[in-house]
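The next block holds one structure in the form of structure tokens; read it before the comments.
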Amino acid sequence: MPELPEVETIRIGLAKLLPGQVIADVWHDWQKSFPNAPADVARFMLGAKIESVRRRAKVLIIELSSGYSLVIHLKMTGQLIFVGEADKKDRESRIENPESEKLNSQFPIPNSSEAELRFGGGHPTKSLIGELPDKSTRVVLDFTDGSKLFFNDQRKFGWMRLIPTLEVPEIDFMKKVGPEPLEDDFTVDKFITNILRRRQSAIKAVLLDQTVLAGVGNIYADESLWAAKIHPSTPVSKVSKTKLVTLYSALRDVLNLSIEKGGSTDKNYVNAEGKKGSYLTFAQVFRKEGQPCPRCGHEIVKIRVAGRGTHICPKCQKVPK
DNA sequence: CACTTGACCTGTCCGC
DNA sequence: TGCGGACAGGTCAAGT
């Protein structure tokens, strides 16, 4: 369930690793990837150099020197994992050294770049180490220096497409998606104007609408609504201006905090919680049902809003009358 | 047009 | 122990 902060964390990791890499081979076994263009894969990917890694909303854009870009949506369970030459040697030496392998099996510690790239990706309940490719691997890019980029996606909701770079802004998703909530020009006035386009909807449904603003998913909708003390079912028209201003700040704070954590706690995450997932360690309400509200101590409950599992403190977030 | 619900997937967890 | 079914959630298509 990568949302904006997770995708941004992955982008930061990939932006350090990929530019300059030259694609030597491409493997994929999944018709949703490159659905119409096996010939284009060869023509516009093989030998192409990676120029940059960008993000728009929850979409990653890997720009190639061929004039094409790989456009990737991880949806819920997608992962992008870079394995460099150094990583492979490190693993080989571990296998040759029984003592270190024993250590490894008790407490798997991937190298930091891999851990960072895993952050926010799917498989939140699984161990984060394993041989690649595995059965969820959909695409593998081989680079000329021997390193590889794996695109894994357990549930096949995600996609990776090869699109001419100049046409990327023209695809349906890019044309419809709303403003980036962390951009400087995303003012509180713009936020409120966009939100009010859907007066009758539940406020949570509006936050999740990618055409209203980009990048917010279930986790950060719940977290920001809790922070602003707004019940997620409240129709937009019944949320006061004051609360909307608070929500604007809360949303940006929560997104920024999460990006900050994503960039700094990756090793800790894998060490301590390889089987739990990290982006929840600093959540206040998301998946905390049954636990006390960090603000008032009342029990957090899980309800259903806009067809989504929704976590609230019923004392802090009153049902609208 | 505004808004809600279901489909796409597969792995996991819960109850019987 | 196995089995069925509910559930997880981002986005789009189809529904009301």
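Proteins get letters first, then strands, A, B, ... in listed order; numbering begins at 1 in each.
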Contact under 4.0 Å: [X] side-chain N or O vs [N] OP1/OP2:
X: A:Arg304; N: C:dA8; answer: yes
X: A:Lys75; N: B:dC8; answer: no
X: A:Arg198; N: B:dT4; answer: yes
X: A:Lys302; N: C:dA8; answer: yes
X: A:Gln154; N: B:dT10; answer: no
X: A:Ser201; N: B:dA2; answer: no
X: A:His73; N: C:dG10; answer: no
X: A:Lys156; N: B:dT10; answer: yes

**Request:** Kindly point out which of B:dC9, B:dT10, B:dT4 is positioned nearest to the side chain of A:Ala205?
**Result:**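 Nearest nucleotide to the side chain: B:dT4.
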**Asked** Considering only C:dG10, C:dT11, B:dC3, which nucleotide approaches the side chain of A:Phe173 most closely?
**Response** C:dT11
How long is the line joining [atom1] of [X] and [atom2] of [N], in whole Å?
X: A:Asp209; N: B:dT4; atom1: CG; atom2: P; value: 10 Å
X: A:Met174; N: C:dC12; atom1: CE; atom2: C1'; value: 16 Å
X: A:His311; N: C:dC7; atom1: NE2; atom2: P; value: 13 Å
X: A:Asn218; N: C:dG10; atom1: CG; atom2: C1'; value: 10 Å
X: A:Gln79; N: B:dT10; atom1: CD; atom2: C1'; value: 14 Å
X: A:Lys175; N: C:dT11; atom1: NZ; atom2: P; value: 18 Å
X: A:Ile72; N: C:dT11; atom1: CD1; atom2: P; value: 15 Å
X: A:Asp153; N: B:dT10; atom1: CG; atom2: C1'; value: 10 Å

**Request:** Quote, to the nearest angstrom, the P distance that separates C:dA13 from B:dC9.
**Result:** 14 Å
**Asked** Between A:Glu3, A:Glu180, A:Glu6, which is the residue that forms a salt bridge (Lys or Arg N to Asp or Glu O under 4.0 Å) with A:Arg55?
**Response**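 Filter result, single survivor: A:Glu180.
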**Asked** Under 4.5 Å between side-chain heavy atoms, hopping through other hydrophobics if needed: is there a path connecting A:Val245 to A:Val216?
**Response** yes
**Message:** Taking atom types as they are modelled, would you say the side chain of A:Arg308 forms a donor-acceptor pair with the base of C:dT11 within the 3.5 Å cutoff?
**Reply:** yes
**Message:** Less than 6.0 angstrom from the centroid, inside 45 degrees of the normal: does A:Arg138 satisfy that with respect to the ring of A:Trp159?
**Reply:**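 So A:Arg138 doesn't make the cation-pi contact.
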**Fill in**
What one should report as the nearest heavy-atom pair of A:Ser201 and A:Val206 is CB-CG2, 3.6 Å
**Complete:** Heavy-atom closest pair (A:Phe286 atom, A:Glu223 atom, distance to 0.1 Å) is N-OE2, 2.8 Å
